[in-house]
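Everything on this sheet refers to the single structure shown next.
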Amino acid sequence: MAPSPLCIGVVAPLTGRLAPLGAPLSYVLRALAPHLAHVRNGGRRHEVTVAVRDSRSEPGAARQAVRDLADEDGAHIVLTMAGTRVLPAVADACEEAGVPCVSTTFPWQAYVHARGAGPAHRFRWTYHFAWGLDDIARVFAGMWEQITPRADVGCLWNDDLQGRLLRHERYGFEAALSGRGHTLTDLGAYHEPATDLRAQAARLREHGADLVTSASTAADLALFHRQAREAGLRPRLITCSRWLTYPHTQSSPAPDVHAELGDARVATLVYWSPVHPYRSSLDGSTCAELAHAYEEDTGDSWLQPLGLAHALLETAHHALATAADPADRASVADAVARARLDTIAGPLDWTAGPTPNIALLPLVGGQWHPEPAGPRLAVVNNTDRPEVPLTGDLIPAR
């Protein structure tokens, strides 16, 4: 008797403000469809279906998507990525429904705290792979130190969860960089989307900081950059995470944020790129091959989440292939908890921490270099991941 089919559920932002980040996930679902059609577990071949539900980029719709996947589609594992409010909503809904969930794309401290838990909390059903705020701080500091050994840095952080965590006495930048000799000045919390950041620019002038770090949206950073320039300020380098890790700007109110920020020489974190030296455990493709195929098939530039989306599917396949009973959700969750596998995003190990339910991805530093064909994200600092080759020099703003 043939075993019953298995189901991989996916909650993706197919519509709404996060839709550009849903595109890589939709792409790898199509590209890997032949490799996801079945899985072998204990010598038995199981047919696999993939069910995709739209989060509509909203937490409420995301929670309903999980309920539909659990009750109507019978998902044995759920995958998701993107959205500082949407992703935790998916994870919480999976925890409530007793469905294994694997997610990625933002710092693990934000993943834990957005769900009202502390770092030592152990979730039963939900797992995440990413980097930490401390990893971002170290990578950014490494780039500051390429300009000056002791940096004076103005911190442009919002008043939301991310900003509060960046200021946190235990998890924030100050704690992560203690002893490195840098001076961090909080320029003042602001609400997103920002309408006026001249007060923050004035604080930058007052404290004499010549570098800026942020986790703002691209549009808010562009506003700050414009108002700082109007005040005669020219930071030597801006380091920014979140939206500035992506080349596209269609989700921003600004018509061309990268063009506006071109002379700012924005540097950012890099968690995946075509030059990362890893291969898919599903089809053997390299990072370069995946990025090239995406650009050829879609006509769009590769995005960093592309590699993480691919690794999500590798993780789901691995969990179904190694679970004691792939038709039992508890067995699948246990398989994720003990998973150690090499993916196109790099090695993932849920047994190593840094905290329960988390597998860690190291980071490298990148900088957007203006080019005729559009901005290029060059790898300019690989201290924490020396196997990733450098593809450019860090260039301070003039």
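The figures that follow rest on heavy atoms only: side chains count, while hydrogens, waters and symmetry mates do not. Predicted, not measured: the structure shown is a model, and the values here were computed from it.
- Here Ser57 contributes atom OG and Leu14 contributes atom CG; the two are 8.5 Å apart, rounded to the nearest 0.5 Å.
- Here Arg17 does not pair with Glu58 in a salt bridge; the nearest charged N to carboxylate O distance is not below 4.0 Å.
- Among residues two or more places apart in sequence or in another chain, the ring pair (Phe, Tyr, Trp, His ring centres under 6.0 Å) test is passed with Tyr171 by His113, His168.
- For Asn41 against Leu320, the heavy-atom pair with the smallest separation is ND2-O, 2.8 Å.
- Listed for the Asp393 side chain is no donor-acceptor partner under 3.5 Å among the backbone atoms of Ile395.
- For the 3.5 Å distance criterion, the side chains of Thr239 and Thr213 qualify, holding a donor opposite an acceptor.
- Note: Arg329 CZ to Cys101 SG = 12.5 Å, rounded to the nearest 0.5 Å.
- We find the CD1-CZ distance between Ile238 and Arg265 to be 12.5 Å, quoted to the nearest 0.5 Å.
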Q) Is there a side chain to side chain contact (heavy atoms under 4.5 Å, CB included) between Leu363 and Val270 once you walk through the steps? A) CA-CA 6 Å; Leu363 299 173; Val270 180; over 6 Å; no
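- Looking at every heavy atom in both residues, Thr195 comes nearest to Leu223 through C-CD2, 3.7 Å.
- Classification of Glu47 and Arg45 as a salt-bridged pair holds, one side-chain N sitting under 4.0 Å from a carboxylate O.
- Grouping the Ile, Leu, Val, Met, Phe, Trp and Tyr side chains by contacts below 4.5 angstrom, directly or via other members, places Leu269 apart from Leu360.
- Of all non-hydrogen atoms in Asp135 and Gly132, the two that sit nearest each other are OD2-N, 2.7 Å.
- Taking the six-membered ring for Trp and the full ring otherwise, the centers of Trp157 and Phe173 sit less than 6.0 Å from each other.
- A donor-acceptor contact closer than 3.5 angstrom is absent between the side chains of Asp334 and Ser331.
- Separation of the Tyr294 and His292 ring centroids does not fall under the 6.0 Å cut-off.
- The only option from Phe129, Tyr127, Tyr111 that meets the side chain to side chain contact (heavy atoms under 4.5 Å, CB included) definition with Ser103 turns out to be Tyr111.
- With hydrogens and angles disregarded, no donor-acceptor distance shorter than 3.5 Å links the side chain of Thr185 to the backbone of Gly154.
- Arg115 and Glu95 are joined by a salt bridge, as a carboxylate oxygen and a charged side-chain nitrogen come within less than 4.0 angstrom of each other.
- For Ala311 against Thr343, the heavy-atom pair with the smallest separation is CB-OG1, 3.7 Å.
- To the nearest 0.5 Å, atoms OG1 (Thr351) and CG (Leu348) are separated by 11.0 Å.
- For Arg338, the CZ atom sits in a packed shell: over 12 heavy atoms of surrounding residues, nucleotides or ligands are nearer than 6.0 Å.
- Counting heavy atoms from C-beta outward, Gln200 and Tyr190 have side chains that approach closer than 4.5 Å.
- Arg56 pairs by the side chain to side chain donor-acceptor pair (under 3.5 Å) definition with nothing, not counting sequence neighbours.
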(Q) Before you tell me yes or no, could you show the steps for Tyr271 and His276 under ring-ring contact (aromatic ring centres under 6.0 Å, His included), namely the whole-Å CA-CA distance, both residues' side-chain angles and the distance that decides it to 0.1 Å? (A) CA-CA 9 Å; Tyr271 48 81; His276 277 59; 8.7 Å; no
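- Note on Asp159 versus Arg164: no salt bridge recorded, every NZ/NE/NH1/NH2 to OD/OE distance being 4.0 Å or above.
- Although no hydrogens or angles enter the test, the distance criterion places a donor-acceptor pair under 3.5 Å between the side chain of Gln227 and the main chain of Arg198.
- Hydrophobic clustering, with ILVMFWY side chains joined whenever heavy atoms are under 4.5 angstrom apart, groups Leu303 together with Leu361.
- Put simply, the side chain of Asn357 gets close to the backbone of Thr126: a donor and an acceptor are under 3.5 Å apart.
- Asn381 CG to Leu390 CG: the interatomic distance, rounded to the nearest 0.5 Å, is 7.5 Å.
- One hydrophobic cluster holds both Leu177 and Phe140 under the rule that ILVMFWY side chains link at heavy-atom gaps under 4.5 Å.
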Q: With side chain to side chain contact (heavy atoms under 4.5 Å, CB included) as the test, would you mind laying out the steps for Gln304 and Leu377 before giving the verdict?
A: CA-CA 10 Å; Gln304 293 202 53; Leu377 184 58; 3.5 Å; yes
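- For Arg229, the CZ atom sits in a packed shell: over 12 heavy atoms of surrounding residues, nucleotides or ligands are nearer than 6.0 Å.
- In summary, Glu72 and Arg53 engage in a salt bridge, as defined by a charged side-chain N under 4.0 Å from a carboxylate O.
- Thr391 is not listed as a side-chain neighbour of Val380, based on a closest heavy-atom distance of 4.5 Å or more.
- For the residue pair Glu314/His318, the side-chain donor-acceptor check at 3.5 Å is not satisfied.
- Judged by distance alone, the side chain of Asn382 and the main-chain N or O of Val364 form no donor-acceptor pair under 3.5 Å.
- Without hydrogens or angle criteria, Asp152 side chain to Asp210 main chain gives no donor-acceptor distance under 3.5 Å.
- Distance alone, capped at 3.5 Å, places no donor-acceptor pair between the Thr148 side chain and the Ala151 backbone.
- Residue Pro347 comes nearest to Asp342 through the heavy atom pair CB-OD1, 3.6 Å, listed as atom of the first residue, atom of the second, then distance.
- Note that OG of Ser216 is 8.5 Å distant from CG of Leu197, once rounded to the nearest 0.5 Å.
- Contact check for Leu6 versus Thr49: no side-chain heavy atoms found under the 4.5 Å cut-off.
- Between the side chains of Gln162 and Asn158, no donor-acceptor pair of N or O atoms lies under 3.5 Å.
- Val99 has its side chain out of reach of Ile77: every pair of non-hydrogen atoms, C-beta onward, lies at least 4.5 Å apart.
- Taking both residues in full, the closest heavy atoms of Ile136 and Pro107 are given as CD1-CG, 4.0 Å, listed atom of the first, atom of the second, then distance.
- Residues Val153 and Thr183 form no side-chain contact, since every pair of their non-hydrogen atoms from C-beta on lies 4.5 Å or further apart.
- Remark: Arg167 engages Asp186 in a salt bridge, criterion side-chain N to carboxylate O under 4.0 Å.
- Residues Val28 and Leu87 fall into different hydrophobic clusters, defined by Ile, Leu, Val, Met, Phe, Trp and Tyr side chains chained together at heavy-atom separations under 4.5 Å.
- The backbone N or O of Ser301 sits nowhere less than 3.5 Å from a side-chain atom of Glu295 that would complete a donor-acceptor pair.
- Sparse packing is recorded around CZ of Arg85, with 12 or fewer heavy atoms of other residues, nucleotides or ligands lying under 6.0 Å away.
- Val139 has its side chain out of reach of Trp131: every pair of non-hydrogen atoms, C-beta onward, lies at least 4.5 Å apart.
- Under a hydrophobic-cluster definition in which Ile, Leu, Val, Met, Phe, Trp and Tyr are linked whenever side-chain heavy atoms come within less than 4.5 Å, directly or via other members, Leu312 and Val10 are assigned to the same cluster.
- The six-membered or imidazole ring of Trp144 lies near that of His182, with a centre-to-centre distance under 6.0 Å.
- Judged purely by atom type and a 3.5 angstrom limit, Ser214 has no side-chain atom pairing as donor or acceptor with the backbone of Cys240.
- Within the 3.5 Å criterion, the main-chain N or O of His369 finds no donor-acceptor partner in the side chain of Arg376.
- Summarising the local packing, CD of Glu371 is surrounded by more than 12 heavy atoms from other residues, nucleotides or ligands at distances under 6.0 Å.
- With salt bridges taken as basic N to acidic carboxylate O contacts below 4.0 Å, one links Glu145 and Arg180.
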Q: Evaluate the criterion side chain to side chain contact (heavy atoms under 4.5 Å, CB included) for residue pair Val275 and Cys287; output intermediate values, then yes/no.
A: CA-CA 7 Å; Val275 302; Cys287 297; over 6 Å; no
